[in-house]
Amino acid sequence: MEKTAVVTGASRGIGAAAAIALAKQGYRVAVCCNTQLDKAQDVVNTICAAGGTARAFAADVADARQVKQMFAEIEKELGHPDVLISNAGIAQQKLFTDITAAEWDRMFDVSVKGAFHCCQAVLPHMISKKWGRIVLVSSMWGQVGASCEVHYSAAKAALIGFAKALAKEEGPSGITVNCVAPGVIETDMLASFSQKDKQELADETPLCRLGTPQDVAAAIAFLASDAGSFFTGQVLAPNGGFVIG
């Protein structure tokens with residue numbers, strides 16, 4: 001029987017690559033975004049052209065009402081979600097003393113509260129079915145912290161604690177909950193970086209290159225697969241060796 005996977009923040013980058021990877025595993029995929037529905041539809045078109053099944057959906061994951069409505073639409077079109085990839089997030093580089101309360105709140109609302117809303121939406125069905133996969137996309141900066149990204153680092157660290165605690169709670173129901181903590185990945189989040197800056201980051205990485213969205217998607221797809229069935233409460237870190245330990 002086919003299963004349904006929901007990927008948030010899936011209109012580009014890591015989320016888009018994860019949606020495509022899960023479709024290749026045979027999942028029906030809900031490609032979710034906030035505002036870029038046209039780009040989400042491009043991902044859907046790519047999946048469908050390869051023989052998969054996918055639909056595009058839009059919601060601000062920080063808004064409980066929008067999330068509830070989106071999941072109702074997903075269930076109607078694709079069935080109850082069996083897999084959740086909570087990838088929606090935002091990034092910002094700013095001195096800690098310049099971060100506004102609104103910016104701090106928005107960072108946590110999208111990354112952490114968004115994961116909270118989506119997990120609450122999928123868990124009732126997963127618990128009743130005694131099967132489910134949840135993957136929260138964190139960051140290596142959630143593991144070690146980054147200068148000028150205190151709010152980003154703190155939100156990503158919160159996701160790691162979230163996953164570890166939820167894994168203990170939901171394990172008896174046959175549900176795995178894990179984190180993926182990517183390193184420096186070549187996505188739109190690096191658009192403001194010069195080629196020199198990106199080369200310096202690559203040089204700091206033991207594998208001497210930046211990661212690709214597909215590198216991270218492979219880790220996500222593994223955790224969602226049967227091969228990842230005995231992993232829960234873990235942090236899988238595709239970072240090229242940038243952070244070790």
Notebook entry, point to check: Is the distance between the ring centroids of Y152 and W104 less than 6.0 Å?
Noted result: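 For Y152 and W104, the ring centres are not under 6.0 Å apart.
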
Checklist line | With E77 via side chain to side chain donor-acceptor pair (under 3.5 Å) - residues at least two apart | finding: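 Side chain to side chain donor-acceptor pair (under 3.5 Å) list for E77, sorted by chain: empty.
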
Item checked: Any residue meeting side chain to side chain donor-acceptor pair (under 3.5 Å) with D203, in chain and number order, not counting sequence neighbours ->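 Scan of D203 (side chain to side chain donor-acceptor pair (under 3.5 Å), adjacent residues dropped) gives Q199.
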
Determine whether [X] and [Y] make a side-chain contact, defined as any pair of heavy atoms from C-beta on separated by less than 4.5 Å.
X    : Y    : answer
T4   : Y27  : no
L22  : V7   : yes
L136 : C119 : yes
F96  : E149 : no
N45  : Q41  : yes
L78  : F57  : yes
I47  : V31  : yes
F242 : M140 : yes

Check: So, T205 side chain and L207 main chain: donor-acceptor pair closer than 3.5 Å or not?
Finding: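 Judged by distance alone, no pair lies under 3.5 Å.
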
Note to self: Between D215 and T212 (side chain of the first, backbone of the second, donor and acceptor by atom type, cut-off under 3.5 Å), is there such a pair?
What the structure shows: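 Checking the backbone N and O of T212 against the side chain of D215, a donor-acceptor pair under 3.5 Å is found.
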
Shared hydrophobic cluster, [X] / [Y] (ILVMFWY, side-chain heavy atoms < 4.5 Å):
X    : Y    : result
V177 : V61  : yes
I85  : F116 : no
L84  : I74  : yes
V29  : V216 : yes
L210 : V243 : yes

Check: Does the pair M126 and S173 meet the rule for a side chain to side chain contact (heavy atoms under 4.5 Å, CB included), with working shown?
Finding: CA-CA 8 Å; M126 290 182 179; S173 295; over 6 Å; no

Shortest non-hydrogen contact from [X] to [Y]?
X    : Y    : value
T8   : C118 : CG2-SG, 4.0 Å
S111 : L159 : O-CD2, 3.4 Å
A62  : H117 : O-CE1, 3.2 Å
G241 : I244 : O-CG1, 3.4 Å
A10  : V43  : O-CG2, 3.6 Å
P213 : T187 : CG-CG2, 4.0 Å

Between [Y] and [X], is the closest basic N to carboxylate O distance under 4.0 Å?
X    : Y    : result
K68  : D60  : no
K198 : E186 : yes
D98  : K94  : no

Measure the spacing between [atom1] of [X] and [atom2] of [Y] and express it to the nearest 0.5 Å.
X    : Y    : atom1 : atom2 : answer
D42  : Q36  : CG    : CD    : 10.5 Å
I134 : L123 : CD1   : CG    : 4.5 Å
E200 : S194 : CD    : OG    : 7.0 Å
Q143 : N239 : CD    : CG    : 7.0 Å
N87  : C33  : CG    : SG    : 12.0 Å
I175 : L166 : CD1   : CG    : 8.0 Å

Notebook entry, point to check: Is the number of heavy atoms from other residues, nucleotides or ligands under 6.0 Å of D226 CG greater than 12?
Noted result: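 Check fails, neighbour count at 12 or below.
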
Check: Which word best sums up how the rings of F222 and F231 line up, parallel for under 30°, tilted for 30 to 60°, or perpendicular for over 60°?
Finding: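 Taking F231 first and then F222, their aromatic rings stand perpendicular (interplane angle over 60°).
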
Check: So H80 and H125, would you call those rings parallel, tilted or perpendicular, with 30° and 60° as cut-offs?
Finding: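 H80 vs H125 ring planes: parallel.
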
Next item on the list: Start with the C-alpha gap between Q92 and E103, add the side-chain angles, then the distance that decides, and say whether side chain to side chain donor-acceptor pair (under 3.5 Å) holds.
Entry: CA-CA 9 Å; Q92 183 184 47; E103 288 169 338; 3.1 Å; yes

Margin query: Let's go through V6 and C32 carefully: what are the C-alpha distance in whole Å and the side-chain angles of both, what is the deciding distance for side chain to side chain contact (heavy atoms under 4.5 Å, CB included) to 0.1 Å, and is it a yes or a no?
Written below: CA-CA 7 Å; V6 176; C32 305; 3.7 Å; yes

Next item on the list: Just do the side chain to side chain contact (heavy atoms under 4.5 Å, CB included) check on F230 and T176 with the steps written out, would you?
Entry: CA-CA 8 Å; F230 203 53; T176 67; over 6 Å; no

Next item on the list: Could you check R133, K129, R28 and say which one makes a side chain to side chain donor-acceptor pair (under 3.5 Å) with D82?
Entry: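 Answer after filtering R133, K129, R28: K129.
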
Next item on the list: Would you sort out whether L223 and L236 count as a side chain to side chain contact (heavy atoms under 4.5 Å, CB included), showing the intermediate values?
Entry: CA-CA 9 Å; L223 291 171; L236 200 56; 4.1 Å; yes

